[in-house]
Enquirer: 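Dropping the structure in here first, questions after.
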Amino acid sequence: MKILISLFLIYFNLSPLFSQLNPKLNTYYQSLYTAEDFILTNQFDSSIYYYEKAFAMFPENFVTDLNNALICAIEADRYELTGKYIVELLKQGVPRSYFEKKHYFSRFVDSQIFDVMYEPFETKIDSFKIKLIDSMLVTDQYPRVNNMPDSAILAIDMINEKILEDKIFTDGLLPKSYEVGVQIYGDTILVTPNLHILMIHQVRDDLEKYGKFYINNLEHHNINPLTYFSQAQTFGERSDTTNLGCEGRIFAVIESFGEDAFTCCCNLKDQVNKNRAKYYLEDLDRAIKKYRFSKTTKLPFMLQKHVYGKWEFPDDKKLEDAINKRLSDPNYVRFLEE
């Protein structure tokens with residue numbers, strides 16, 4: 001079966017490959033989640049406290065968290081911190097033009113707050129790896145968009161797997177954005193999207209191998225829980241004991257059926273929260289609160305993604321049947337936008 005970028009249905013066993021949480025990582029992510037909780041109530045000084053607590057635990061941190069911490073520092077007038085957050089973002093390939101063009105930051109680029117942006121800094125960005133990943137993606141897509149046989153697709157995947165292992169990975173770990181940068185789409189930061197697409201096809205070809213691979217990367221702080229969650233969405237339908245969202249195909253936490261929307265509750269919600277905790281993901285209530293906040297805030301925070309799932313139905317009868325199925329399920333309730 002030919003597969004394009006947007007169409008994936010891969011079965012994957014998400015049973016944990018580790019017996020217990022790493023205490024350091026758990027403290028790290030709980031600190032980040034608490035920092036985000038304070039953002040929701042505009043308590044930016046408290047957010048900064050928890051961001052600083054988390055950042056002190058690892059020398060390299062994720063773009064989303066540094067972006068959020070930078071906004072908190074600006075909103076709280078903590079300008080002594082803005083410089084180091086800006087430099088860490090620049091080190092990960094966020095260009096100066098991002099700050100100059102994005103409305104929120106553009107107000108400050110000519111002030112002393114952003115002076116550091118124009119000073120020299122050291123970076124580990126590897127242009128060879130970036131170009132190689134881009135080239136591999138072109139090769140990856142060619143047989144797929146040209147309806148070539150499965151044997152041709154598999155042959156390309158095998159070649160790309162060898163290149164990934166020999167040239168891109170280091171000791172079996174994905175490169176961080178400190179090494180391969182980010183991409184900017186409009187005024188939005190995208191973290192390694194081309195590598196993400198390549199890896200989806202690698203996972204499809206060897207589920208067991210890459211299941212362990214992604215757990216290992218999560219445990220080594222090379223990817224964060226939301227990146228793991230995003231990749232896991234493409235692995236196919238699971239049982240209630242392995243779901244990371246209410247719905248087992250795309251892990252939707254909130255499901256839209258036309259004008260109706262539902263989310264899980266009761267036993268299913270409790271089980272999903274237990275599943276999510278195994279991968280350092282926050283519980284569903286916190287995720288939904290941040291989703292709601294992201295829809296209304298005018299500040300460019302990068303918070304919850306992968307929460308909302310919208311279903312399309314070929315006719316009104318199938319839509320009605322889907323709604324009635326959720327209404328009759330004791331583990332679901334209507335979701336109402338606040």
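Starting from 1, each residue takes its place in the sequence as its number.
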Enquirer: One thing to verify: whether K298 and E75 come together as a salt bridge, which I'm taking to mean a side-chain N less than 4.0 angstrom from a carboxylate O.
Expert: no
Enquirer: Which residue is it: K124, K91, E88? I am looking for the one with a side chain to side chain donor-acceptor pair (under 3.5 Å) to Y178.
Expert: E88
Enquirer: What about F213 and F169, are their ring centers closer than 6.0 Å?
Expert: yes
Enquirer: Ring-plane angle category for F62 and Y29, please: parallel below 30°, perpendicular beyond 60°, tilted otherwise.
Expert: parallel
Enquirer: Is there a side-chain contact between Y280 and L32 (heavy atoms, below 4.5 Å)?
Expert: no
Enquirer: Hey, does K167 have a side-chain heavy atom less than 4.5 Å from the side chain of K129?
Expert: no
Enquirer: What do the steps show when you test F44 against F38 for ring pair (Phe, Tyr, Trp, His ring centres under 6.0 Å), and what is the final call?
Expert: CA-CA 7 Å; F44 300 120; F38 280 114; over 10 Å; no
Enquirer: Do M199 and I156 belong together in a cluster built from hydrophobic side chains that touch within less than 4.5 Å?
Expert: no
Enquirer: Assess whether ring pair (Phe, Tyr, Trp, His ring centres under 6.0 Å) is satisfied between F257 and F313, documenting all intermediate values.
Expert: CA-CA 8 Å; F257 297 87; F313 297 91; 5.7 Å; yes
Enquirer: Are K289 and E282 close enough for a salt bridge, meaning some N to O gap below 4.0 Å?
Expert: no
Enquirer: Could you tell me if the side chain of P175 sits less than 4.5 Å from the side chain of D126, heavy atoms only?
Expert: no
Enquirer: Which pair of non-hydrogen atoms, one from I254 and one from A261, has the smallest distance, and what is that distance?
Expert: CG2-CB, 4.3 Å
Enquirer: Heavy atoms, side chains only, cut-off 4.5 Å: are I189 and I184 in contact?
Expert: yes
Enquirer: Please check if atom CG in D315 has more than 12 non-hydrogen atoms from other residues, nucleotides or ligands closer than 6.0 Å.
Expert: yes
Enquirer: Verify side-chain hydrogen bond (donor to acceptor under 3.5 Å, both in side chains) between Y210 and E161, making sure each step is shown before the conclusion.
Expert: CA-CA 11 Å; Y210 286 102; E161 180 180 42; 3.0 Å; yes
Enquirer: Out of curiosity, does F128 fall in the hydrophobic cluster containing V138 (side-chain heavy atoms, cut-off under 4.5 Å, transitive links)?
Expert: no
Enquirer: What's the spacing between D285 CG and K290 NZ if we round to 0.5 Å?
Expert: 11.5 Å
Enquirer: Is K24 close enough and on-axis enough to F58, meaning under 6.0 Å and within 45°, for cation-pi?
Expert: yes
Enquirer: Can Y279 and E219 be counted as having a side-chain donor-acceptor contact under 3.5 angstrom?
Expert: no
Enquirer: Which pair of non-hydrogen atoms, one from I39 and one from C72, has the smallest distance, and what is that distance?
Expert: CG1-SG, 3.6 Å
Enquirer: Is the shortest distance from a Lys or Arg side-chain nitrogen in K317 or D321 to a carboxylate oxygen in the other one below 4.0 Å?
Expert: yes
Enquirer: Roughly how far, to the nearest 0.5 Å, is the NZ atom of K84 from the CG atom of L81?
Expert: 5.5 Å
Enquirer: Flag the pair L244 / V272 as yes when at least one side-chain heavy-atom distance between them is below 4.5 Å, and no otherwise.
Expert: no
Enquirer: Counting C-beta onward and ignoring hydrogens, is there a side-chain heavy-atom pair between S47 and E36 closer than 4.5 Å?
Expert: no
Enquirer: Among side-chain atoms of Y49 and Q43, is any donor-acceptor pair under 3.5 angstrom?
Expert: no
Enquirer: Test side-chain contact (heavy atoms from CB on, under 4.5 Å) on H201 and R144; report intermediate values, then the result.
Expert: CA-CA 11 Å; H201 296 149; R144 291 174 163 89; 3.3 Å; yes
Enquirer: If you look at every heavy atom in V63 and Q92, which pair is closest and at what distance?
Expert: CG2-OE1, 3.2 Å
Enquirer: Ignoring hydrogens and geometry beyond distance, is a side-chain donor-acceptor pair present between Q271 and N267 at under 3.5 Å?
Expert: no
Enquirer: Please report the C-alpha distance between D329 and R326 in whole Å, then the side-chain angles of each, then the deciding distance to 0.1 Å, and finally whether the side-chain contact (heavy atoms from CB on, under 4.5 Å) criterion is met.
Expert: CA-CA 5 Å; D329 191 329; R326 285 292 180 251; 4.3 Å; yes
Enquirer: Within a reach of under 6.0 Å around OH of Y118, are more than 12 heavy atoms found that belong to other residues, nucleotides or ligands?
Expert: yes
Enquirer: Under the 6.0 Å and 45° cation-pi test, does R107 pair with Y104?
Expert: yes
Enquirer: Between D283 and R276, is there a side-chain N and carboxylate O pair less than 4.0 Å apart?
Expert: no
Enquirer: Are the side chains of I197 and L137 in touch, meaning some heavy atoms are under 4.5 Å apart?
Expert: yes
Enquirer: Quick one: pull up CG in N22 and NE2 in H220 and give me the separation to the nearest 0.5 Å.
Expert: 9.5 Å
Enquirer: Provide the closest heavy-atom pair for G93 versus I125 in the form atom of the first, atom of the second, distance.
Expert: N-CD1, 4.1 Å
Enquirer: Do K318 and E320 meet the salt-bridge criterion of a basic N to acidic O distance under 4.0 Å?
Expert: no
Enquirer: Taking a hydrophobic cluster as the set of Ile, Leu, Val, Met, Phe, Trp and Tyr residues connected by side-chain heavy atoms closer than 4.5 Å, whether directly or through intermediates, do L173 and Y214 fall within one such cluster?
Expert: no
Enquirer: Let me confirm one number: the CG-CD distance from L174 to Q231, rounded to the nearest 0.5 Å.
Expert: 8.5 Å
Enquirer: Closer than 3.5 angstrom, by distance alone: can the side chain of T139 be matched with the main-chain N or O of S135 as a donor-acceptor pair?
Expert: yes
Enquirer: For the atom pair CD1 (I71) and OG1 (T82), what is the distance rounded to the nearest 0.5 Å?
Expert: 12.5 Å
Enquirer: Applying ring-ring contact (aromatic ring centres under 6.0 Å, His included), which residue pairs with at least one partner in residues 69-97 are found, sequence neighbours left out?
Expert: F55-Y85
Enquirer: For the residue pair I74 and F105, establish whether any side-chain heavy-atom pair is separated by less than 4.5 Å.
Expert: yes
Enquirer: Do the charged groups of K101 and D187 touch, with an N to O distance under 4.0 Å?
Expert: no
Enquirer: Looking only at side chains, do N224 and T227 share a donor and an acceptor under 3.5 Å apart?
Expert: yes
Enquirer: For the residue pair H103 and S106, what are the closest heavy atoms and their distance?
Expert: O-OG, 2.9 Å
Enquirer: Looking at L327, N331, V333, which one forms a side chain to side chain contact (heavy atoms under 4.5 Å, CB included) with F262?
Expert: L327
Enquirer: What heavy-atom pair brings V253 and T263 nearest, and what distance separates the two atoms?
Expert: O-OG1, 2.7 Å
Enquirer: side-chain contact (heavy atoms from CB on, under 4.5 Å) for Q183 and N194? Distances and angles first, verdict last.
Expert: CA-CA 9 Å; Q183 293 181 15; N194 290 351; 3.1 Å; yes
Enquirer: Applying a strict under-4.5 Å side-chain criterion to I, L, V, M, F, W and Y, I'd like to know whether L195 and M158 cluster together.
Expert: no
Enquirer: Given the rule that I, L, V, M, F, W and Y join up when any side-chain heavy atoms are under 4.5 Å apart, are F108 and L89 in one cluster?
Expert: yes
Enquirer: Rounded to the nearest 0.5 Å, what separation is found between the OG atom of S31 and the CD atom of E52?
Expert: 11.5 Å
Enquirer: Mind checking whether F114 and F99 have ring centres under 6.0 Å apart?
Expert: yes
Enquirer: With side-chain contact (heavy atoms from CB on, under 4.5 Å) as the test, would you mind laying out the steps for Y50 and Y33 before giving the verdict?
Expert: CA-CA 9 Å; Y50 283 99; Y33 295 145; over 6 Å; no
Enquirer: Does any N or O in the side chain of R78 come within less than 3.5 Å of the main-chain N or O of D45, such that one atom is a donor and the other an acceptor?
Expert: no
Enquirer: Flag yes if more than 12 heavy atoms outside E80 fall under 6.0 Å of its CD atom; otherwise flag no.
Expert: yes
Enquirer: Can you run down the disulfide (SG to SG under 2.5 Å) pairs that involve residues 248-296, sequence neighbours left out, and say none if there aren't any?
Expert: C246-C264
Enquirer: On the 0 to 90° scale, with breaks at 30° and 60°, tag the H221-Y28 ring pair as parallel, tilted or perpendicular.
Expert: perpendicular
